[in-house]
Amino acid sequence: DLVKRDGVEMKYYDVIYHLTEEIAKEMAGELGPERIEHVLTDSAAAIGITTASDLGRLPSGLDWLVLDDPEFSAFTATMPISAITDADRTEPLQLEHPAYLVYTSGSTGKPKGVIVGHGGISNFASEMQHRFDVRQDSRVLHFATPSFDAAMLDLLFALGGAATLVVAPVGIYGGSELADLLTTQRITHSFITTAALATVDPAAVTDLSHVLVGGEACPPELVSRWTSDAATTGRKLYNVYGPTETTIVTTMGEPMTPDAPITIGGPIRGVSAMVLDARLHPVPVGVTGELYLAGPELARGYQQRPGLTSQRFVANPHGKPGDRMYRTGDLVSWRADGQLLYHGRADEQVKIRGYRIELGEIQAVLATQDG
């Protein structure tokens with residue numbers, strides 16, 4: 001697995017990390033104006049939150065709340081600190097109401113917005129709090145960018161247990177910088193993508209007790225590095241899985257060990273996982289099929305994309321009348337112990353640092369270029 005880059009011997013995952021770190025630094029704060037315009041128009045956003053340094057590059061037409069503007073700070077200081085109730089809202093808040101809209105790569109060349117409801121968030125937050133022993137003295141790292149639904153994982157991770165949320169400074173992507181942050185801030189719980197976690201020395205972070213890894217396949221070597229001394233440190237490493245369309249995480253297993261098969265676990269509370277063939281019939285244990293998910297964590301669908309919504313959120317023949325299930329596009333198989341093995345994609349979607357990339361989006365951009 002050793003390769004050379006610029007004459008220096010490195011592990012393959014170190015090369016991947018360094019290359020993607022360079023790309024990330026180039027992209028930091030440089031989200032293209034066309035993409036920003038599309039997201040704001042497609043979402044029909046009425047209000048935006050920003051800072052004075054970014055305001056100049058943002059489109060007009062929205063009511064921009066500038067956090068570091070003295071007038072805005074003075075205005076917010078007049079607001080009551082009591083809990084928000086239905087009396088403060090335009091209508092009572094229901095579980096099926098939208099909670100957030102997050103954009104993922106789209107095969108047509110335009111990112112697609114996923115509408116996630118409050119019911120899915122409630123189910124997921126309850127699972128996180130009880131499974132990972134998040135308490136008031138826990139310290140959770142907020143490491144994911146807001147364009148990645150793992151950012152909601154970080155927030156709910158902390159809020160569900162009234163823990164401290166430590167926001168990572170802009171420009172930290174992994175390596176010794178991330179290790180230093182985990183150490184100095186005494187982080188106990190964190191979700192870190194596979195590529196970033198591979199760049200951190202587990203011996204350098206002694207307070208980290210619960211590590212969630214996901215976004216990409218987790219290699220055995222990484223599991224061994226982070227769990228070989230678990231008996232001494234008490235640290236637990238979890239492999240988590242879930243598409244954006246099913247509220248962040250829908251399957252996870254028990255803490256991983258060096259000698260155990262790497263699975264994406266089983267469905268969390270309230271979630272139904274089905275491995276089906278092309279006729280939507282369940283396949284036997286050990287046979288590869290496509291993973292379908294159902295339950296309260298299903299998103300409402302795609303923003304202003306009814307055709308795509310009907311293709312991916314389909315009727316559930318194994319549920320009650322009116323039930324839906326989400327077609328993930330992921331190929332998996334059941335193990336006899338109820339855990340799922342991941343076998344790849346049924347389409348051309350790829351993952352880079354945990355981000356979903358539809359190759360059709362890249363092809364659409366290339367097709368606009370001369371030659």
Side-chain angles (χ1 to χ4, degrees), residues 23-94 97-106 108-118 120-121 140-159 165-173 244-245 247-248 299-305 354-356 361 365:
I23 296 170
K25 286 181 177 178
E26 291 176 8
M27 292 178 62
E30 297 299 330
L31 195 61
E34 291 183 3
R35 197 177 188 91
I36 293 176
E37 186 74 41
H38 167 73
V39 168
L40 294 179
T41 302
D42 185 75
S43 65
I47 297 174
I49 301 175
T50 187
T51 56
S53 60
D54 290 312
L55 183 61
R57 69 187 187 93
L58 296 172
S60 59
L62 270 72
D63 182 8
W64 289 106
L65 307 181
V66 184
L67 294 179
D68 50 356
D69 182 285
E71 291 186 10
F72 181 68
S73 297
F75 169 71
T76 56
T78 67
M79 295 291 101
I81 61 173
S82 55
I84 297 172
T85 68
D86 283 342
D88 301 299
R89 304 185 176 102
T90 56
E91 61 178 289
L93 183 63
Q94 305 292 334
H97 283 167
Y100 66 84
L101 184 64
V102 62
Y103 282 80
T104 68
S105 182
T108 62
K110 294 286 187 181
K112 55 185 184 290
V114 180
I115 308 170
V116 177
H118 283 272
I121 283 183
V140 179
L141 181 64
H142 185 21
F143 186 51
T145 170
S147 60
F148 186 16
D149 69 343
M152 290 301 300
L153 183 156
D154 295 340
L155 293 171
L156 295 171
F157 212 169
L159 295 177
L165 184 70
V166 178
V167 181
V170 174
I172 293 181
Y173 305 101
T244 301
E245 290 86 348
T247 315
I248 312 167
R300 290 163 56 103
Y302 297 109
Q303 172 76 347
Q304 301 192 61
R305 303 283 288 276
Y355 291 92
R356 282 165 49 172
E361 184 170 0
V365 174

So do [Y] and [X] actually touch side chain to side chain, heavy atoms under 4.5 Å?
X: Y302; Y: V114; answer: yes
X: D69; Y: L55; answer: no
X: M152; Y: V116; answer: no

How far apart are the closest heavy atoms of [X] and [Y], and which atoms are they?
X: A99; Y: I121; answer: CB-CD1, 3.5 Å
X: Y103; Y: D42; answer: OH-OD2, 2.7 Å
X: H38; Y: P111; answer: NE2-O, 3.0 Å
X: A52; Y: V66; answer: N-CG1, 3.4 Å
X: A151; Y: A144; answer: N-CB, 3.5 Å
X: G113; Y: L101; answer: C-CD1, 3.8 Å

Problem - Short side-chain to backbone donor-acceptor contact, D68 and T51, under 3.5 Å - result: no

Nearest 0.5 Å, please: how far is [atom2] in [Y] from [atom1] in [X]?
X: D149; Y: T244; atom1: CG; atom2: OG1; answer: 3.5 Å
X: L62; Y: I49; atom1: CG; atom2: CD1; answer: 11.0 Å
X: W64; Y: L58; atom1: CH2; atom2: CG; answer: 4.5 Å
X: L153; Y: T247; atom1: CG; atom2: OG1; answer: 11.5 Å
X: T50; Y: L65; atom1: OG1; atom2: CG; answer: 10.0 Å
X: L93; Y: H118; atom1: CG; atom2: NE2; answer: 4.5 Å

Practice task
Please step through side chain to side chain contact (heavy atoms under 4.5 Å, CB included) for the pair F157 and L165, ending with a clear verdict.
Solution key: CA-CA 9 Å; F157 212 169; L165 184 70; over 6 Å; no

